[in-house]
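Letters A, B, ... mirror the listed sequences (proteins, then strands); counts begin at 1.
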2 protein chains.
Amino acid sequence: MFINVNAHPGSKPKILGELGQLSRARVILSEFNYNRGTEIYGQAEPADYIYQVVDGAVRSHKLLSDGRRQIGAFHLPGDVFGLENGTEHRFTAEAIVDTTVTLMKRCSVEHVAESDATVALDLLNMTTINLQHAEDHMLLLGRKTSLERVAAFLLEMDGRLTAAGGVIALPMCRRDIADYLGLTLETVSRALSQLHGKGILGFLGQTQRQIMLLDRTRLADLDL
Amino acid sequence: MFINVNAHPGSKPKILGELGQLSRARVILSEFNYNRGTEIYGQAEPADYIYQVVDGAVRSHKLLSDGRRQIGAFHLPGDVFGLENGTEHRFTAEAIVDTTVTLMKRCSVEHVAESDATVALDLLNMTTINLQHAEDHMLLLGRKTSLERVAAFLLEMDGRLTAAGGVIALPMCRRDIADYLGLTLETVSRALSQLHGKGILGFLGQTQRQIMLLDRTRLADLDL
DNA sequence: CGAAGTATTGAGACGTCTCAAAATTAGTGG
DNA sequence: CCACTAATTTTGAGACGTCTCAATACTTCG
């Protein structure tokens, strides 16, 4: 049984991408909705499903015992997440806003992958994309200044949120951005103000998280 | 043609592990030596080979334009590195000390993986191990204090250098450790002194990098 | 033993964090 | 649609941790 991934209002063609490849391998896809703030899965829980964001946004994070949080990645429409090798999740995943995902049973995918090299290579591809992101993020977390981190973040979101004309509406709050960049929310706010003051960044209308990138070239200069 | 990976003095059984799996898939293995400080491959160079450390130690790093460096991982005997998905390397790899590696042509491995799901899953496994390490390291770089970072580093090395009784001989210098932990070498040195002062750490003999771990339990308490 | 490289230690500078208050935005019920 | 409240964001001032720069000590190697 197949559920057509594209039979979703507002979904984009590219969503068919990665999990779609797997669906051709006779694996069941189904859709699910999570309300804003809901946990999708917790760290150390058994990894029974693989997910792909259809609409909305998801954050994956790790916690230290005293509450310090590191967000490893934001998952936006089209992204595959929850791909683990062991039997349990290494992150907690939560819906940042109301979010729709497609999911498939991990065991069935793995079962197919054991005999079908194409599927196994698809999984390898998705994992490598995640690895590449993590590698770049280590450089950011280990060696970049707060301004460079925020600039890199804005450029990343500009590239992934596919909004027209350099206008991006961030789904996540300052605390999420801070925990993604290894900063405090105050420092993120100050960096944004600084970019605004330099004319690199503009804020649109009265809506909170609407940000207009005025000068991507100068932003890229900051993202060393 | 096979070169027996175990025909190496001092090599441990586990070295046969990962690349050994692939060797069974009729892929050519050969050995190579790199002198201390030598570059094995550079960032953005074509990724023609996959490597496994037989003896010695390797560091993988990224650079910012102004010279700031982030070491993403140390590769110790048994570790597979240089595994890329695209056609080029995402890190620069250098031998920290005189190092022996086995290597195999990437294209031949990939060719086999396209038809043999077992090999593809082996590659997936190795990539996932790297991903898992990167994910843990993001938490360290984003949210841990200098003392916690150094404690985590010592525990990691204690677990991987397979020396008996909590005694480890670090192959890398303070600067390497610092660039791995997102600190300066002075801060690393101060943290080590602090641990020494607390009696958690002892130094052995006159050799520079000989460190004796006295109290793994108390180290683990610091590694939140 | 001397020279070069590496590690330790100290003192002050700097960037980010903490704590606090004010401003803005979002959510809710009238 | 407005008023009210809660949540989020911005801004400020001072504290704190790590970095920078410099001097000393130690290790390695010829």
**Prompt:** Could you state the CZ-P distance from B:Arg174 to C:dG5, rounded to the nearest angstrom?
**Reply:** 18 Å
**Request:** Figure out the CE/C1' separation between B:Met172 and C:dG5, and round it to whole Å.
**Result:** 18 Å
**Message:** Just the rounded figure in Å: distance from P of D:dA6 to CZ of A:Arg36.
**Reply:** 17 Å
**Asked** Taking N and O atoms by type only, does the side chain of B:Arg190 place a donor or acceptor under 3.5 Å from a partner on the base of C:dG10?
**Response** yes
**A:Phe81 and A:Phe91 aromatic centres sub-6.0 Å** = no
**Request:** Round to a whole Å and report the spacing from CZ of B:Phe203 to P of D:dC26.
**Result:** 14 Å
**Prompt:** So, do B:Glu84 and A:Gln132 sit near enough that their side-chain heavy atoms are less than 4.5 Å apart?
**Reply:** no
**Request:** Just call it for B:Arg68: base, sugar-phosphate, or nothing, with non-hydrogen atoms closer than 4.0 Å on any strand.
**Result:** nothing
**Item:** Between P of D:dT11 and CG of A:Leu192, the distance in whole Å
**Value:** 10 Å
**Request:** Mind calculating the distance between CG (A:Leu201) and C1' (D:dT10) to the nearest angstrom?
**Result:** 14 Å
**Message:** Nearest to the side chain of A:Ser189, heavy atoms from C-beta on, is which of D:dT18, D:dT9, C:dA7?
**Reply:** D:dT9
**D:dT8 OP1/OP2 closer than 4.0 Å to side-chain N/O of A:Arg175** = no
**Message:** If you only use heavy atoms from C-beta on, which nucleotide in D:dC19, D:dT18, C:dT16 is closest to the side chain of A:Ser146?
**Reply:** C:dT16
**Request:** Mind listing the residues from residues 178-186 of chain A sitting with a heavy atom below 4.0 Å of DNA chain D? Number order is fine.
**Result:** A:Leu185, A:Glu186
**Message:** Is B:Thr187 close enough to D:dT18 that one of its side-chain N or O atoms is under 4.0 Å from OP1 or OP2 there?
**Reply:** no
**Request:** Choose from D:dT11, C:dT16, C:dT8 the nucleotide whose nearest atom is closest to any side-chain atom of B:Ser193.
**Result:** C:dT8
**Asked** Between B:Lys144 (NZ) and D:dG17 (P), how many Å, whole number?
**Response** 18 Å
**Request:** Calculate, to the nearest 0.5 Å, the distance between atoms NE2 and CD belonging to A:His133 and B:Glu135 respectively.
**Result:** 11.0 Å
**Item:** Close side-chain approach of B:Leu63 and B:Arg69, heavy atoms under 4.5 Å
**Value:** yes
**Asked** How many Å lie between CD1 on A:Ile177 and P on D:dT8, as a whole number?
**Response** 13 Å
**Asked** Got a salt bridge between B:Arg160 and B:Asp79, using NZ or NE/NH1/NH2 to carboxylate O under 4.0 Å?
**Response** yes
**Least distance between heavy atoms, A:Leu83 atom then A:Met126 atom** = CD2-CB, 3.6 Å
